[in-house]
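A quick write-up on the structure given underneath.
Numbers here simply count residues along the sequence, with the first being 1. Given the structure is predicted, the values throughout are model-derived calculations rather than measurements.
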Amino acid sequence: MGKLDGKVALVSGSGRGIGRSIALKLASEGAKVVINDLDEAPAEAVAAEIRAMGGEALICAGNVAAEDFGTRFVNTAVEGFGGLDIIVNNAGYTWDSTIQKMTDEQFQAMIDVHLTAPFRILRAAAEPIRIFSKREAQEGREVFRKVVNISSIAGLYGNAGQVSYSSAKAALVGMTRTLCKEWGRYKVNVNCVAFGLIATRLTQAIEKEQATIDVEGREIKVGVQHQLLDTMAQLIPLGRAGTPDEAADAVYLFCAPESNYVSGQVLVCGGGILL
């Protein structure tokens, strides 16, 4: 018996990295999970992992920034699993530049994926959540639902070269605290986890040739210079980057029933770093 038995979870960007670890963690506690990735293959691979451990999973592949994605994502959970209990807005990537070199396209891309996409997903979820909550109240049951928005220490403290990313992640904190007040009447806990340095493909050390990711035809450079990674590690009291599994554990804290009276909060998962 897991603490999330019978719960239905949406996890965006869950085909790789932190999102994959979040999906597996929630599934290990009994949640049925809807997996999302830009590409169907990694999403299906994570779904297969969940099924292999005896869990249930569906996939909803595609770009979270697409105008119709929020509705598709929510409908996959409601129609496929008959419910909606947990929403983790995790999908995203970085496209960095100093402000004088940043294009409108770069800036808007970060707003679209890190802010507009969560907004659309949550907007699409509002009516199903209202209906489920009303039904439960009429039955005399108090059922808590969870929203966890993924921010960053860049959104809390800023980070040179990331004005677009930092702006979007900061705005997500405002969205979290507003929705906490709007959805409290529906028994929804809305919280935020702000990650520090987590070891993923986006933060891998740059070797001779810098790695890239493909975002619908855009080749986006990823990775961090060795020297900068070493410097960042020195600033972290625990002395190293976090792992995706450790990041997932922080998200799980806000999904577990023990956090039913915690809402509107921002948890920094950064190894003790306080910039």
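- Criterion: ILVMFWY side-chain heavy atoms under 4.5 Å apart, direct or through other members. Under it, V143 and L10 are not part of a common hydrophobic cluster.
- Within a 6.0 Å radius of CD in E40, other residues, nucleotides and ligands contribute 12 heavy atoms or fewer.
- Residues W183 and R145 form no side-chain contact, since every pair of their non-hydrogen atoms from C-beta on lies 4.5 Å or further apart.
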>> Between L197 and I273, is the side chain to side chain contact (heavy atoms under 4.5 Å, CB included) condition met? List the steps.
In response: CA-CA 9 Å; L197 180 61; I273 193 166; over 6 Å; no

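- In this structure, the side chains of I86 and V8 stay at 4.5 Å or more apart for every pair of heavy atoms.
- Minimum interatomic distance between L24 and M53 (heavy atoms only, all atoms of both residues): O-CE, 3.9 Å.
- Using a 4.5 Å heavy-atom threshold, the side chains of D37 and I59 count as separate.
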>> I198 vs F195, test: side chain to side chain contact (heavy atoms under 4.5 Å, CB included). Steps then yes/no.
In response: CA-CA 7 Å; I198 306 296; F195 292 135; 4.0 Å; yes

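- The side-chain heavy atoms of T76 and F81, taken from C-beta on, include no pair separated by under 4.5 Å.
- Without hydrogens or angle criteria, S151 side chain to K169 main chain gives a donor-acceptor distance under 3.5 Å.
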> Could you walk me through whether K134 and Y186 pass the side chain to side chain contact (heavy atoms under 4.5 Å, CB included) check?
Replying inline: CA-CA 8 Å; K134 182 179 179 180; Y186 300 137; over 6 Å; no

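- Taking a 6.0 Å sphere around CD1 of I131, one finds it holds more than 12 heavy atoms contributed by other residues, nucleotides or ligands.
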>> Assess the residue pair N149 and T176 against the criterion (side-chain hydrogen bond (donor to acceptor under 3.5 Å, both in side chains)); give the C-alpha distance rounded to whole Å, side-chain angles, the decisive distance to 0.1 Å, and a yes or no.
In response: CA-CA 7 Å; N149 293 320; T176 297; 2.9 Å; yes

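- Side chain of N191 to backbone of V148: no donor-acceptor contact under 3.5 angstrom is found.
- Side-chain atoms of N75 never come within 3.5 Å of backbone atoms of R72 as a donor-acceptor pair (strictly under, hydrogens ignored).
- Using modelled atom types, one side-chain atom of S14 and one backbone atom of N36 make a donor-acceptor pair closer than 3.5 Å.
- Residue pairs meeting the salt bridge (Lys or Arg N to Asp or Glu O under 4.0 Å) criterion with at least one partner in residues 49-69, sequence neighbours excluded, are R20-E49, E44-R51.
- Taking all atoms of both residues into account, the shortest heavy-atom contact from I236 to G271 is CG2-O, 3.5 Å.
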>> Show, in sequence, the C-alpha distance, side-chain angles and deciding distance for D96 and Q162, and conclude whether the side-chain hydrogen bond (donor to acceptor under 3.5 Å, both in side chains) test is met.
In response: CA-CA 5 Å; D96 299 342; Q162 290 190 319; 3.2 Å; yes

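- Salt bridge R16/D39: present, at least one basic N to carboxylate O contact under 4.0 Å.
- Side-chain contact between K101 and T98 is present, with heavy atoms from C-beta onward closer than 4.5 Å.
- Inter-residue side-chain proximity for F254 and V88 is flagged as unmet; no heavy-atom pair is nearer than 4.5 Å.
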>> Using the rule given for side chain to side chain contact (heavy atoms under 4.5 Å, CB included), can you reason through I111 versus Q108, listing the C-alpha separation, both sets of side-chain angles and the distance that settles it, and then say yes or no?
In response: CA-CA 5 Å; I111 299 298; Q108 193 60 51; 3.9 Å; yes

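- Closest non-hydrogen pair, V11 versus G19, comes out as CG1-O, 3.9 Å.
- When every heavy atom of P118 is checked against every heavy atom of V113, the shortest pair comes out as CD-O, 3.7 Å.
- S166 places a side-chain N or O within donor-acceptor distance of the main-chain N or O of A154, the cut-off being under 3.5 Å.
- Between the side chains of D245 and S21, a donor-acceptor pair is found at a separation under 3.5 Å.
- No side-chain heavy atom of N89 sits under 4.5 Å from any side-chain heavy atom of L172.
- In terms of heavy atoms, S167 sits closest to V163 at OG-O, 2.6 Å.
- Side-chain contact check for C255 versus L26: some heavy-atom pair is nearer than 4.5 Å.
- Classification of the H114-Y165 ring pair by plane angle, with boundaries at 30° and 60°, yields perpendicular.
- Using modelled atom types, no side-chain atom of R120 and backbone atom of F69 make a donor-acceptor pair closer than 3.5 Å.
- Here the closest heavy-atom approach between residue A194 and residue V266 is recorded as CB-CG1, 4.1 Å.
- Checked for salt-bridge contact, R177 and E182 miss the test: no charged N lies under 4.0 Å from a carboxylate O.
- S12 places a side-chain N or O within donor-acceptor distance of the main-chain N or O of A91, the cut-off being under 3.5 Å.
- Proximity of a side-chain donor or acceptor of Q138 to a complementary backbone N or O of E136 within less than 3.5 Å is not detected.
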>> Run the salt bridge (charged side-chain N to carboxylate O under 4.0 Å, His left out) test on E258 and K3 for me, step by step, so that the C-alpha distance in whole Å, both residues' side-chain angles and the decisive distance to 0.1 Å come before the verdict.
In response: CA-CA 10 Å; E258 284 84 351; K3 290 189 175 183; 2.4 Å; yes

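- A side-chain donor-acceptor contact under 3.5 Å links S259 to the backbone of L253.
- A donor-acceptor contact shorter than 3.5 Å is absent between the side chain of N189 and the backbone of F144.
- The side chain to side chain contact (heavy atoms under 4.5 Å, CB included) test with K146 is passed by exactly one of N260, V188, L4: N260.
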